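What follows is a short report on a single structure.
Keep in mind the model is a prediction, meaning the values are calculated, not measured.
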Amino acid sequence: MIDSGATRWVTDLMSSLGAPGAGLAIALENIFPPLPSEVILPLAGFTASVGGMGLYAALVWTTIGSVVGALALYGIGAALGRDRMVTLATKVPLVKVTDIERTEAWFERHGTKAVFFGRMIPVFRSLISIPAGVERMPLPVFLTLTTLGSALWNTAFVLAGFFLGERWEVVSGYVSTYSKVVLAAAGLALLVLIGMRVFRRSGRREQPAGRTSGRNLPADER
């Protein structure tokens, strides 16, 4: 269900500022995910369809807003840095430094794809900017990938709102379902990971203390 308060706030912002208002709303959405892009973008398209702003201006300004919001989160990641991130992460139960090192290695190999495609995944589209900052992904690369990914996502939803007109809310319903599926899959993966870690720890505790590897026994006792 669409938050009528959020919708009213975004509508007022666009009425006051036009297309830059849509860009400001999207920038804030990147930093505060409860402000959903699936409401802002189709609403911007609908507003353009009734003459409240130009369609091209809506596309440009929402993309600028996405990049500005992503840059803010990139800056947070860069300010935290690896050492602080490791310190914070290791305070989380079942998280080890080796997990962080594997994540860093994964990001080094796949970071460009993660930043580009992550812009099209709800919730992760904002969060992906933080590890990019922590890992100090080259800023020109980050900006290029973020701009391209955001432009594709924003264009799809702004145009949907533009052509659906007063039925723009239909888009939000579909994206809400998509978001729930993504979050459920991520939650399930996290639970599986935690379960595997707990199982391994309990297995090590239950191993007999006096058990000795066969490699250390004399040949005639093996």
Side-chain angles (χ1 to χ4, degrees), residues 1-78 114-130 132-133 137 139-179 182:
M1 182 178 292
I2 296 177
D3 186 341
S4 59
T7 303
R8 191 178 308 110
W9 180 82
V10 173
T11 301
D12 291 342
L13 195 60
M14 293 182 191
S15 298
S16 302
L17 302 177
L24 176 59
I26 285 294
L28 293 174
E29 180 267 338
N30 276 265
I31 303 170
F32 305 105
L35 266 172
S37 65
E38 61 264 28
V39 171
I40 300 169
L41 294 170
L43 183 55
F46 167 64
T47 304
S49 73
V50 295
M53 67 178 78
L55 178 59
Y56 180 74
L59 294 173
V60 170
W61 277 102
T62 54
T63 300
I64 290 173
S66 294
V67 173
V68 169
L71 269 175
L73 293 176
Y74 177 97
I76 291 173
V115 170
F116 177 74
F117 290 107
R119 301 304 306 171
M120 305 172 209
I121 302 175
V123 179
F124 297 102
R125 62 193 303 271
S126 297
L127 297 179
I128 193 62
S129 300
I130 296 177
M137 173 181 280
L139 199 53
V141 175
F142 176 78
L143 287 174
T144 300
L145 295 169
T146 299
T147 301
L148 292 175
S150 299
L152 288 173
W153 175 269
N154 294 356
T155 298
F157 285 94
V158 171
L159 289 179
F162 183 85
F163 290 112
L164 284 170
E166 294 183 356
R167 296 179 61 246
W168 66 269
E169 293 183 7
V170 172
V171 181
S172 301
Y174 284 115
V175 179
S176 177
T177 302
Y178 170 50
S179 300
V182 169

Notebook entry, point to check: Among Leu71, Thr147, Ile26, which one satisfies side chain to side chain contact (heavy atoms under 4.5 Å, CB included) with Ser66?
Noted result: Ile26

Check: Does Leu41 reach the side chain of Trp153, with side-chain heavy atoms less than 4.5 Å apart?
Finding: yes

Next item on the list: State which residues pass side chain to side chain contact (heavy atoms under 4.5 Å, CB included) with Val60; sequence neighbours excluded, sorted by chain then number.
Entry: Tyr56, Ile64

Notebook entry, point to check: Would you call Ser129 and Met137 a side-chain contact if the rule is heavy atoms closer than 4.5 Å?
Noted result: no

Next item on the list: Name all residues meeting the side-chain hydrogen bond (donor to acceptor under 3.5 Å, both in side chains) criterion together with Thr63; count only those two or more places apart in sequence or in a different chain, and write none if there are none.
Entry: none

Next item on the list: Indicate the atoms forming the closest heavy-atom contact of Ala70 with Arg119, along with that distance.
Entry: CB-NH1, 3.9 Å

Checklist line | Those residues that, when tested against Thr146, pass side-chain hydrogen bond (donor to acceptor under 3.5 Å, both in side chains) (two or more places apart) | finding: none

Checklist line | Phe142: partners by ring pair (Phe, Tyr, Trp, His ring centres under 6.0 Å), with sequence neighbours left out | finding: Tyr74

Check: For the atom pair CG (Asn154) and CH2 (Trp61), what is the distance rounded to the nearest 0.5 Å?
Finding: 14.0 Å

Item checked: Verdict with supporting geometry, Leu148 and Phe116, side chain to side chain contact (heavy atoms under 4.5 Å, CB included) -> CA-CA 7 Å; Leu148 292 175; Phe116 177 74; 3.8 Å; yes

Notebook entry, point to check: Taking all atoms of both residues into account, what is the closest heavy-atom pair of Ala22 and Ile40, and its distance?
Noted result: O-CG2, 4.2 Å

Can you give me every donor-acceptor pair (side chain of residues 12-19, partner residue at least two apart or in another chain, under 3.5 Å) with its distance?
residue, atom, partner, partner atom, Å
Ser15, OG, Thr11, O, 2.9
Ser16, OG, Asp12, O, 3.0

Next item on the list: Check side chain to side chain contact (heavy atoms under 4.5 Å, CB included) between Thr155 and all other residues, then give those that pass, not counting sequence neighbours.
Entry: Leu59, Leu159

